[in-house]
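Residues take their numbers from the sequence shown, with the count starting at 1. Bear in mind that the values here come from a model prediction, so they are computed numbers and not experimental data.
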Amino acid sequence: MTSTSEGRRAKSGKAVKAVKAPIVTGGHTRIRPFNTRDTYPEQNLDNDLCQAVVAGDTVYVRGQIGQDLDTSESVGIGDAGAQAEQAMANIAMLLEEAGSRMEHLVKLTIYLIDPRYREAVYRTVGRWTKGVHPISTGLVVSALARPEWLCEIDAVAVIPEEEQA
C-alpha cells in the first residue's frame, strides 16, 4: 500500500498533501483516511471517512469525481469526459493501493447530473473497463457535492486469492 511524503510536488509544481497511511478499524483496512472538515472547509462537517475500504477480499471505493486525490484540485471543469477520466484514474490508483486491479472490478455505479453527459462518460468508462465486463448502474441525480462536479463513479472490486496477503 502506498503513501507519499510531505512536501512532494505534483507534475504541475503544486504541493501534494501527504497521503495518510492506511488504518485498520473494525478489522477492515481503510485506504486514504480523511476528515470532511479538511476536505470541505466551506461546510460545517466533521466526518471521518476514507477513499476505499478493504473488507475480506472485497474493495469498496468511495464515489470518485474529477478531483486529483493528491492535490484535491478539481480537474476537467465543464467537461464530463475529463472528469470521468480522472475518476477512473482515481479508482485504478485506489484499487492498486488496496491490492487489487481494474480487471478485478465487479460493479460500478455512475452518477450524472445531466443525461446528455452519458455518452462522454460511458465512452471513458468503457476504455478503462475494456474486456473486464463489470456490472454497472447509471443514475441521473439533481446535483453532486460541488456544483463543478458533473459525474461521480463508485466501484466494488475483489482481491484475487493469489494476491491476498
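When all heavy atoms of Trp149 and Gly66 are compared, the pair lying nearest together is NE1-O, 4.2 Å. Residues Ser100 and His104 approach most closely at OG-CB, 3.4 Å, considering heavy atoms. Here the closest non-hydrogen pair linking Thr124 and Gly81 is OG1-O, 3.6 Å. Shown here for Leu150 and Leu144, the closest heavy-atom pair between the two residues is C-CD1, 3.9 Å. The two residues Cys151 and Leu112 come nearest to each other via the heavy atoms CB-CD2, 3.8 Å. For the residue pair Lys107 and Thr137, the shortest heavy atom distance occurs at NZ-OG1, 3.1 Å.
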(request) Mind running side-chain contact (heavy atoms from CB on, under 4.5 Å) on Thr29 and Ile23 for me, showing each step along the way? (result) CA-CA 6 Å; Thr29 302; Ile23 59 172; over 6 Å; no
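A heavy-atom distance below 4.5 Å is found between the side chains of Leu105 and Thr129. Put simply, the side chain of Phe34 reaches to within 4.5 Å of the side chain of Arg62, judged on heavy atoms. Put simply, the side chain of Arg30 does not reach to within 4.5 Å of the side chain of Lys20, judged on heavy atoms. Side-chain contact between Leu139 and Thr109 is present, with heavy atoms from C-beta onward closer than 4.5 Å. By the 4.5 Å heavy-atom criterion applied to side chains, Val140 and Asp114 are not counted as neighbours. Residues Asp154 and Leu108 are not in side-chain contact: their nearest non-hydrogen atoms beyond the backbone lie 4.5 Å or more apart.
Salt-bridge check for Glu96 with Arg101: failed, with every basic side-chain N at 4.0 Å or more from each acidic carboxylate O.
Using modelled atom types and a 3.5 Å distance limit, the side chains of Gln67 and Ser74 yield no donor-acceptor pair.
If you chain together hydrophobic residues whose side chains sit under 4.5 Å apart, Met88 and Val156 never meet in one group. When the side chains of ILVMFWY residues are joined at heavy-atom separations under 4.5 Å, either directly or via intervening members, Val125 and Val132 end up in a single hydrophobic cluster. Hydrophobic clustering (side-chain heavy atoms under 4.5 Å, transitive across Ile, Leu, Val, Met, Phe, Trp, Tyr) groups Leu94 together with Trp128. Residue Ile31 is grouped with residue Met102 when hydrophobic side chains (ILVMFWY) are merged at heavy-atom distances under 4.5 angstrom, including chains of intermediate members. Hydrophobic clustering (side-chain heavy atoms under 4.5 Å, transitive across Ile, Leu, Val, Met, Phe, Trp, Tyr) groups Ile113 together with Tyr122.
Once rounded to the nearest 0.5 Å, the distance linking CD of Gln86 with CG of Leu69 reads 7.0 Å. Note: Glu97 CD to Asn90 CG = 10.0 Å, rounded to the nearest 0.5 Å.
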Atom pairs and distances, donor-acceptor, side-chain atoms in residues 47-59, under 3.5 Å, two or more places apart:
| residue | atom | partner | partner atom | Å |
| --- | --- | --- | --- | --- |
| Asp48 | OD1 | Asn35 | ND2 | 2.8 |
| Gln51 | OE1 | Gln64 | NE2 | 2.8 |

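No side-chain donor-acceptor contact under 3.5 Å links Gln83 to the backbone of Val121.
Atom CD of Glu103 has more than 12 heavy atoms from other residues, nucleotides or ligands within 6.0 Å.
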